[in-house]
Asks: 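Please find one structure pasted underneath; my questions will follow.
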Number of protein chains: 2
Amino acid sequence: MVTIQDVARKANVSITTVSRVINDKPDVSKETKERINKIIKEMGYKPNSVARGLVLRKTNTLGLLIPDISNPFFPEVARGIEDFAKNNGFSVIFCNTDNKKSEEKKAINLLRSKQVDGIILSLSFKNKEELEKLRKENFPVVQIDREIPDINYPIVKIDNIKSGYKATRYLIESGHTKIAHITGNTDTKTGQDRLEGYKKALEEFDIEINEKWILKGDYSKDSGYREIKRLLKQDEPPTAIFIANDLMAIGTYEALMEKNIKIPDELSIIGHDDIDIASIVNPKLTTLSQPKYKLGQLAAKILISRIEKQKFPENCKSILESELIIRNSVKRLK
Amino acid sequence: MVTIQDVARKANVSITTVSRVINDKPDVSKETKERINKIIKEMGYKPNSVARGLVLRKTNTLGLLIPDISNPFFPEVARGIEDFAKNNGFSVIFCNTDNKKSEEKKAINLLRSKQVDGIILSLSFKNKEELEKLRKENFPVVQIDREIPDINYPIVKIDNIKSGYKATRYLIESGHTKIAHITGNTDTKTGQDRLEGYKKALEEFDIEINEKWILKGDYSKDSGYREIKRLLKQDEPPTAIFIANDLMAIGTYEALMEKNIKIPDELSIIGHDDIDIASIVNPKLTTLSQPKYKLGQLAAKILISRIEKQKFPENCKSILESELIIRNSVKRLK
DNA sequence: GTGAAAGCGCTAACAT
DNA sequence: ATGTTAGCGCTTTCAC
């Protein structure tokens, strides 16, 4: 490892001067600057960010804390974050937590001890404590996707109530009145919100809410498969169903295929998220699309602004709108 | 930020003693140890990894350099890496390069300047230089998925020649003789290898290779869509096709659906990778499954062994076998 | 325009 | 069993 010392020695200057050159500071003659730059190149010198981080108390590193990078929702978000971060001189450490409180705590401690300058996180609903600790220290944080209520931190998310509302409303406007719902994990705000939107739409159109048609999923494909089977056992089946995410909808597809029930003729389905698969299954899944890349990008933008202390609304809530993607899994009755 | 100084002052001991306690070193009385641990807890002291990294010349951080985390192949690999890393006290910084040489170079420089202890990477085929630089310094590296030839670094990958061979052989054994191939990006070793496996199988079974039936894709869904359309314009179409990855196969599905060509009755398809979608499309796609999570896990294991200087074959090539997943997209003619 | 010196928070000889 | 000291590679005052 060649250090600033080595460069200074070779150039016959003090390390201060070399430091000035690599940081592009004034007060160094054009002549020496060029000479030092040449030597830097020759020796292949690269400043040590760790040493720099120690003195500057800034690592130019962001933490990303998510439930699971292999959940199809997150890779694109992560990409949006990394792209924006990279373009602004930051890199990102990612941690998977599987929504476990203990893992979340460990990950936050790890990131803090690594002195990341800020954290983008998607916490499980129950974990208010950790976020409050960060808040107390006024540590830069941006929440994504899931919001822990009553804590004053920026959040970038989809308006999930509205999104659930839009999905359900589309079913209603297509002529359906018997509409079921498979919820997401109702330990998450996201899951609760989509459910709330579902109820809101039914109420608005004076359709009675049938609790038997509200089935408790957990965002996993298996839970979609499981819950639709339970639904089908009921005496009076619905004609349409809003499923809180596409992954569960896919599970549903499999169960229906097994039972030889035709989508959308016998059951209309609308999903949520517009993951890759949605445009590929047969019939193509009507769903709501989340601007995932943008979500990540914006989260990184807000966090970095906060870190660099540029003006940005202190506790901005950025609510991105989801987009209805009409495909072939909903039958229009009118 | 509370530092080791603060703890030492409060405990009326030297920072050395505190250091001994937090690192669980001997030579400190049970009594003081307990007292200091109590104070550490009270003050919420967390050691500063950056300072530690500076003196120890070890950051317990891994770099992960991949083309694109939102490419469905990588999230699971990344998860395997992060899990193993975490369980062994490491965290991971990830970088997307889009297979661009310039981005790869920038990312490696960034990771080096951040003093990561090792790098797991999947480089574009043309980028031998950067890897050679690392090799010269004997820097810990593990390649995943794609191998740059002639460089003595550990690699964890699928045997893609064998995998292409297995895919093609399965088509042959199903009774097909007119077998086409849509290649992956032939700038990558992976793409070349699967093609080679395809040819090898044909040769072994004395089937003449028809260059017209070898179509040049680039691993993107669009290229699958595009190339199958070109294939269909030919006078004498094949009865089966091996497509170098599932994403392209999905593009193919769309084109065939448009043209109302039935899979597998009119054209049999075998893909590669077994991404989520494969088990969901209609008909379900027969494909070869890569142990992605294991791939990541093993790569991390080898890299960390190397870093910790535990014995592990210096230049081990870990060739994981892909697994044939028989579904419904190949028609058995015999 | 350039350099000497202090210090970021920690670990590791080397005393005592 | 505990403390003193030096130093990891860098930036930043302050002096010249």
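Worth saying up front: this structure is predicted, and the values here are computed from it rather than measured. Sequence lines set the chain letters: A, B, ... in the order given, protein chains first and strands last, and positions in each chain run from 1.
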Asks: Tell me: CZ of Arg9(A) to P of dC10(D), nearest whole Å?
Replies: 12 Å

Asks: Has Asn48(B) got a side-chain N or O lying under 4.0 Å from the OP1 or OP2 atom of dC8(C)?
Replies: no

Asks: With no hydrogens and no angle check, just 3.5 Å: does a side-chain donor-acceptor pair link Lys114(A) and Thr61(A)?
Replies: no

Asks: Spell out, as yes or no, whether a donor-acceptor pair under 3.5 Å connects the side chain of Ser19(A) to the backbone of Ile15(A).
Replies: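 Pair absent, no side-chain N/O of Ser19(A) close to backbone of Ile15(A).
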
Asks: When we call it a touch if two heavy atoms are under 4.0 Å apart, what does Val13(A) touch: a base, just sugar-phosphate, or nothing?
Replies: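 Here Val13(A) touches the backbone only, sparing every base.
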
Asks: Go through the N and O atoms of the side chain of Thr16(B) and the base of dA12(C), and report whether any donor-acceptor pair is under 3.5 Å.
Replies: yes

Asks: Under 4.0 Å between any heavy atoms, over every strand shown, what does Pro26(A) touch: base, sugar-phosphate, or nothing? Just pick one.
Replies: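 Nothing: the residue Pro26(A), judged by heavy atoms under 4.0 Å, touches no strand.
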
Asks: Using a heavy-atom cut-off of under 4.0 Å over every strand shown, decide if Ile22(A) touches base, sugar-phosphate, or nothing.
Replies: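 It contacts sugar-phosphate atoms only.
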
Asks: Please classify the nucleic acid contact of Asp27(B) as base, sugar-phosphate, or nothing, using heavy-atom distances under 4.0 Å.
Replies: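 The residue Asp27(B) makes base contact.
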
Asks: Can you pull every protein N or O that's under 3.5 Å from an N or O on nucleotides 6-8 of chain D?
Replies:
from	atom 1	to	atom 2	distance (Å)
dC8(D)	O3'	Arg57(B)	NH2	2.9
dC8(D)	O2	Val55(B)	N	3.4

Asks: Nearest-Å distance, NZ (Lys58(B)) to P (dA12(C))?
Replies: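 After rounding, the gap between these two atoms is 12 Å.
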
Asks: Could you pull out the closest heavy-atom pair between Glu104(B) and Ser122(B), with the gap in Å?
Replies: OE2-O, 4.4 Å

Asks: Is it true that atom NZ of Lys128(A) has more than 12 heavy atoms of other residues, nucleotides or ligands lying nearer than 6.0 Å?
Replies: yes

Asks: Before giving the answer on side-chain hydrogen bond (donor to acceptor under 3.5 Å, both in side chains), spell out for Arg146(A) and Asn185(A) the whole-Å C-alpha distance, their side-chain angles and the decisive distance to 0.1 Å.
Replies: CA-CA 11 Å; Arg146(A) 300 176 179 177; Asn185(A) 181 345; over 6 Å; no

Asks: Among Thr59(B), Ile81(B), Ile304(B), find the one that has a side chain to side chain contact (heavy atoms under 4.5 Å, CB included) with Phe90(B).
Replies: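 Running side chain to side chain contact (heavy atoms under 4.5 Å, CB included) over Thr59(B), Ile81(B), Ile304(B) with Phe90(B) returns exactly one hit, Ile304(B).
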
Asks: How far apart are the closest heavy atoms of Asp98(A) and Asp68(A), and which atoms are they?
Replies: OD1-CB, 4.2 Å

Asks: Should the side chain of Ser19(A) and the base of dT12(D) be counted as holding a donor-acceptor pair, with the cut-off at 3.5 Å?
Replies: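 No.
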
Asks: Could you state the CD-C1' distance from Glu31(B) to dT2(D), rounded to the nearest angstrom?
Replies: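 Glu31(B) atom CD is separated from dT2(D) atom C1' by 13 Å.
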
Asks: Does the pair Asp83(B)/Arg79(B) count as a salt bridge with the N-to-O cut at 4.0 Å?
Replies: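 Salt bridge flag = yes for Arg79(B) with Asp83(B).
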
Asks: If we fit an axis to the first five pairs and another to the last five of the helix from dG1(C)-dC16(D) to dT16(C)-dA1(D), what angle do they make, to the nearest 10°?
Replies: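 If I round to tens, the end axes sit 40° apart.
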
Asks: Before accepting this row, confirm whether a basic side-chain N of the pair Lys292(A)/Asp145(A) lies closer than 4.0 Å to the acidic partner's carboxylate O.
Replies: no

Asks: Which part of the nucleic acid does Lys25(A) contact within heavy-atom distance under 4.0 Å: base, sugar-phosphate only, or nothing?
Replies: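 Sugar-phosphate contact only - Lys25(A) comes under 4.0 Å of backbone atoms but never of a base.
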
Asks: Contact class for Ser29(B) vs. all strands (heavy atom < 4.0 Å): base, sugar-phosphate, or nothing?
Replies: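 Ser29(B): backbone/sugar contact only, no base atoms under 4.0 Å.
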
